[in-house]
Amino acid sequence: MSEIKYPYGHQSIDEDDVKAVIAALKSEWLTTGPAVDEFENTVADYIGARHAVAYCNGTAALHGAMHAAGVAPGDLVLVPSLTFAATGNSAIFCGGRPIFADISPDTLCMSSESAEAAIASAKSRVRVIAPVSFAGYPADIEAFRQLSRKCGAALIEDGAHALGASRADRMVGSEADMTELSFHPVKHITTAEGGMVLTDSDEYATRLRMFRNHGIARQPMKIGREYDGPWDNDMIGLGYNYRLPDICCALGTSQMKRLDLFVARRREIASLYRKLFADEPGVTLPPDCPGHSYHLFVIQVNAAIRRAVFEFLRESGIGVQLHYVPLHLHSFYRRNFGTKEGDCPVTEAYSARAMSLPMYAGLSDDGVAYAADKVKEAIAKFSR
Ligand SMILES: *Cc1c(COP(=O)(O)O)cnc(C)c1O
């Protein structure tokens, strides 16, 4: 295999980031220290959410959110099939059962019509509706809010792709009951591994904090029985060790200083791709909107040549990826939940045609031009 010169995503680390991490390493606290609060406050202020609770990764953050929403055995959790496994898996961690909605081809996010139909045919309680702001396109939270009100579900946005995205002047993370973020290196900012849940609810925030720390309460107010003294602590519920270390949080706070630059560069790259593909009928461009934060740049090509184009690009040093194999078609889901081909036709058609091109803040204009040229070359070569 040839060397990948342009991966689909990559972190941007500068000297200030390195200094911030070193300072944290030399500080009193490697974990559960002040860098955690600082990072949480920085993200909460940026987004305009009352609470931010850091987790050791985005998947754990989703697990915390599903727990805080009360997902229990037998509950249904509505997710789009076009997502990373973590969105559905986190419901299963709590004993919930994922049910799937299709996407809208206009946004690549969960279709509210499909969501409504899935809720109407649900055989037990839908506890959570979990839209994904796919690729950084802000999902229509207002539409899902109406659905969630009707069926009494909580609204958890999987915003792992969408830090810095906005819809009508509201940042992703400020609208749903809870919004999960991921700080994996390919995402908008990184803490190596890391995640967060944003919420305006004091009650959810309390549950989220407890859940990431073994379910243990220390404050006299929160202890479930009579307070015994300053040594006392009480495990109120089952929790995990899902904490994010200070070292990671220091990196996150440093990265947040450049988030606006990162998002601006991603938008620039997206418009460059659009210009370069304007005369290429073999490429279907991704949906656009002003608040899009472009975690991914996904194109679609004729399904009959997708594999050849994909392999050609990999051989040309371009680390194209598929986001995603539809979640309902993974073996685990088929086996355990009886899902099958045809359940989400728009997602399936998209997934047969899609690939993600290089998209990250450190990508040069030359890199964009090279990737676009190679896509066009491949389409010309294999469309004959
Ligand atoms: C990245 C991502 C997550 C969380 O992933 P982690 O690697 O656990 O941080 C969740 N959902 C989606 C859609 C993602 O892309």
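In this text the structure is predicted, and so the values were computed from the model without any measurement. Residue numbers start at 1 and run along the sequence shown. Side-chain atoms are counted along with the backbone in the values below, which use heavy atoms only and exclude waters and symmetry mates.
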Tell me which donor-acceptor pairs under 3.5 Å the side chains of residues 18-38 have, and how far apart each pair is, sequence neighbours excluded?
residue: Ser27; atom: OG; partner: Ala24; partner atom: O; Å: 2.7
residue: Ser27; atom: OG; partner: Trp29; partner atom: N; Å: 3.3
residue: Ser27; atom: OG; partner: Trp29; partner atom: O; Å: 3.1

(request) Return yes if some donor-acceptor pair links the side-chain N/O of Arg265 with the main-chain N/O of Leu363 below 3.5 Å, else return no. (result) yes
(message) Is the shortest side-chain heavy-atom distance between Tyr55 and Leu208 below 4.5 Å?
(response) yes
(request) May I ask you to decide if the ring planes of His323 and His295 are parallel, tilted or perpendicular, using 30° and 60° as cut-offs? (result) perpendicular
(request) Determine whether Ile189 and Leu163 make a side-chain contact, defined as any pair of heavy atoms from C-beta on separated by less than 4.5 Å. (result) yes
(message) What I'd like to find out is whether the side chain of Ser111 reaches to under 4.5 Å of the side chain of Ile103, using heavy atoms alone.
(response) no
(request) Hey, could you give me the CG/OG distance between Asp102 and Ser114, rounded to the nearest 0.5 Å? (result) 5.0 Å
(request) Side-chain contact test, heavy atoms from C-beta onward, threshold under 4.5 Å: evaluate it for Ser166 versus Met171 and give yes or no. (result) yes
(message) Taking CZ in Arg334 as the centre, count heavy atoms belonging to other residues, nucleotides or ligands within less than 6.0 Å. Is the count above 12?
(response) yes
(message) To the closest 0.5 Å, what do you measure between OH (Tyr294) and CD1 (Ile269)?
(response) 11.5 Å
(message) Is it true that Thr190 and His184 share a donor-acceptor pair across their side chains at a distance under 3.5 Å?
(response) no
(message) For the CG atom of Asn336 and the CD1 atom of Ile92, what is their distance to the nearest 0.5 Å?
(response) 7.0 Å
(message) Suppose we screen for side chain to side chain contact (heavy atoms under 4.5 Å, CB included). Which residues come up paired with Ser271, at least two apart in sequence or across chains?
(response) none
(request) Side-chain contact test, heavy atoms from C-beta onward, threshold under 4.5 Å: evaluate it for Phe382 versus Val309 and give yes or no. (result) yes
(request) Look only at the side chain of Ser174 and the backbone of Arg170, and say whether a donor-acceptor pair between them is shorter than 3.5 Å. (result) no
(message) Could you check whether Lys374 pairs with Glu315 (Lys NZ or Arg NE/NH1/NH2 to Asp/Glu carboxylate O, under 4.0 Å)?
(response) no
(request) Please examine the side chains of Lys5 and Tyr370, heavy atoms only from C-beta on, and report whether any two atoms are closer than 4.5 Å. (result) no
(message) Using 30° and 60° as the class boundaries, would you call the ring planes of Tyr273 and Phe277 parallel, tilted or perpendicular?
(response) parallel
(request) Would you indicate whether the side-chain heavy atoms of Arg266 and Met359 approach each other to under 4.5 Å? (result) yes
(request) List the steps, then state whether side chain to side chain contact (heavy atoms under 4.5 Å, CB included) holds for Val186 with Gln11. (result) CA-CA 6 Å; Val186 297; Gln11 70 273 21; over 6 Å; no
(request) Would you please indicate if the ring centroids of His161 and Tyr137 are separated by under 6.0 Å? (result) no
(request) Can you label the angle between the Phe100 ring and the His328 ring as parallel, tilted or perpendicular, going by 30° and 60°? (result) tilted
(request) With the side chain counted from C-beta on, respond yes when Val77 and Val79 share a heavy-atom pair under 4.5 Å apart, and no when they do not. (result) yes
(message) If you count every heavy atom of other residues, nucleotides or ligands that lies below 6.0 Å from Asp169 atom CG, does the total exceed 12?
(response) no
